[in-house]
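Structure record follows, encoded as structure tokens.
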Amino acid sequence: MRNKIISLLILTLLPAMSLAMELSWVGCGITRNAFMADLAAAYHEKTGVNINISGGGATKGIRAITSKQADIGGACRFTLNMSREEAAATMVPVAWDALVVVVHKSNPIESISLSQLRSLYQGKITNWSQLGGKKQPLELLIRQGKISGVGYTLRKHLFEDPKAVFIGHQEFPSSGPLEKNVEVNPNAIAVTGVASAYKRDFKILKLEGRDPSFENIRTGDYLLYRPLYLVLSKSSPNSKESDRFIQFALGPKGREIIRNNQVVPYFDGMLLLQKRFDDWKRFIRESLAQN
């Protein structure tokens, strides 16, 4: 009799248990397109926990967590200094992403320099002939605002100024629409994350003659890179389950999934932190000083 009562109680609680086993993820399109879908599917297979994924950008990914509108966030930049809206976010780096310059697949250009890239965003390069291409106008596509993951990182790396003004031809609310435009626009040029760029039908340019290959990113030979983060709040009702998912992403199976998506897991790229950081900053500054 006692066993029957326990069984009935378990059956009664199953719907509530199922509802509890669901998490929401909000964040940057680059992280979402790169590996989140595969990580979520593998975690569901392992644990039964479903993760609902939606985009919106790095800023939304961070602030949705601190406002308790989502359980897990995805971001391609760290929290902003002095931002009350982001102060409660716990940022966990899970992968390394490169910033890549992308153009339409018909474009004959193969490589671009750091100084050319800086001049491009300053509005000094307006024609493909200035980059060794055909004599026709180019269209620089940029992200809206100054605190998007790509925009903020570019401002820090290229100008060492998070408030630098970019002179573009068209602005986009997220990376997805920007990338789609490059696929169909022969005059377009833009910067996005390599983590999602590999899944698009356009050309990825070399930077200073260097490919953004897995190995070049891992060792720091490719120069423009940044961490990708998963974000959580310790005060969230589902924080324990969110943390378990993040630990899964950092574990052997999670790292395997990230590698299979041509992205460098964070701990695979520790050389970037240990040996290449000073060389990278010196190279950036010397290259830009020649402009």
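- Residue-environment remark: NZ (Lys146) exceeds the threshold of 12 foreign heavy atoms within 6.0 Å.
- The distance from the CG atom of Leu154 to the CG atom of Leu224 is 7.0 Å, given to the nearest 0.5 Å.
- Annotation: ring-ring contact (aromatic ring centres under 6.0 Å, His included) contacts involving residues 55-75, sequence neighbours excluded, are absent.
- Residue pairs that meet the salt bridge (charged side-chain N to carboxylate O under 4.0 Å, His left out) test with at least one member in residues 225-240, sequence neighbours left out, are Asp97-Arg226.
- Closest of all the heavy-atom pairs between Asp268 and Arg218 is O-CG, 3.3 Å.
- To the nearest 0.5 Å, atom SG of residue Cys28 and atom CG of residue Asn33 are 9.0 Å apart.
- A donor and an acceptor atom, one from each side chain of Asp38 and Asn260, are nowhere located under 3.5 Å apart.
- Residues in residues 34-54 take part in these ring-ring contact (aromatic ring centres under 6.0 Å, His included) pairs, two or more places apart or across chains: Tyr43-Phe245, Tyr43-Phe248.
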- For the pair Ile258 and Trp96, evaluate side-chain contact (heavy atoms from CB on, under 4.5 Å) and give the outcome as yes or no after the intermediate values. CA-CA 10 Å; Ile258 291 172; Trp96 293 98; over 6 Å; no
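- A side-chain donor from one of Glu179 and Thr192 sits under 3.5 Å from a side-chain acceptor of the other.
- Listed by first and then second residue, the ring-ring contact (aromatic ring centres under 6.0 Å, His included) pairs that reach into residues 118-145 are Tyr121-Phe166, sequence neighbours excluded.
- Side-chain atoms of Gln130 come within 3.5 Å of backbone atoms of Thr126 as a donor-acceptor pair (strictly under, hydrogens ignored).
- Identified under the salt bridge (charged side-chain N to carboxylate O under 4.0 Å, His left out) test for residues 65-74, with sequence neighbours left out: none.
- Residue pairs meeting the salt bridge (charged side-chain N to carboxylate O under 4.0 Å, His left out) criterion with at least one member in residues 72-82, sequence neighbours excluded: Arg77-Glu86.
- In terms of heavy atoms, Leu228 sits closest to Ala195 at CD1-CB, 4.3 Å.
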- Task: Go through Glu160 and Arg155 one step at a time and tell me if the salt bridge (Lys or Arg N to Asp or Glu O under 4.0 Å) criterion holds.
- Result: CA-CA 6 Å; Glu160 297 189 333; Arg155 286 174 171 85; over 6 Å; no
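- Defined by atom type and a distance below 3.5 Å, a donor-acceptor pair is present between the side-chain atoms of Asn127 and Ser129.
- The shortest distance between side-chain heavy atoms of Leu232 and Ile246 falls below 4.5 Å.
- Grouped with Val165 in a hydrophobic cluster is no other residue, since no side-chain heavy-atom contact under 4.5 Å to another Ile, Leu, Val, Met, Phe, Trp or Tyr is found.
- Checked against side chain to side chain donor-acceptor pair (under 3.5 Å), Glu256 has no partners two or more places apart in sequence or in another chain.
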Side-chain donor-acceptor pairs of residues 183-190 under 3.5 Å, sequence neighbours excluded:
{"unit_1": "Glu183", "atom_1": "OE2", "unit_2": "Asp201", "atom_2": "N", "d": "2.8"}
{"unit_1": "Asn185", "atom_1": "OD1", "unit_2": "Asn187", "atom_2": "N", "d": "3.0"}
{"unit_1": "Asn185", "atom_1": "ND2", "unit_2": "Glu139", "atom_2": "OE1", "d": "3.0"}
{"unit_1": "Asn185", "atom_1": "ND2", "unit_2": "Asn181", "atom_2": "OD1", "d": "3.3"}
{"unit_1": "Asn187", "atom_1": "OD1", "unit_2": "Gln136", "atom_2": "NE2", "d": "3.0"}

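- Surrounding NZ of Lys199 are more than 12 heavy atoms belonging to other residues, nucleotides or ligands, all under 6.0 Å away.
- In this structure the side chain of Ile30 reaches within 4.5 angstrom of the side chain of Val150, judged on heavy atoms.
- With sequence neighbours left out, Lys134 forms a side chain to side chain donor-acceptor pair (under 3.5 Å) with no residue at all.
- Note: the hydrophobic cluster containing Ile125 also contains Val103 (ILVMFWY, side chain heavy atoms under 4.5 Å, direct or indirect links).
- For residues 171-200, there are no ring-ring contact (aromatic ring centres under 6.0 Å, His included) pairs, not counting sequence neighbours.
- A distance-only check finds a donor-acceptor pair linking the side chain of Thr66 to the backbone of Arg63 [under 3.5 Å].
- In this structure a side-chain-to-backbone donor-acceptor pair under 3.5 Å is present from Ser111 to Gly209.
- For Arg32, there are no side chain to side chain donor-acceptor pair (under 3.5 Å) partners two or more places apart in sequence or in a different chain.
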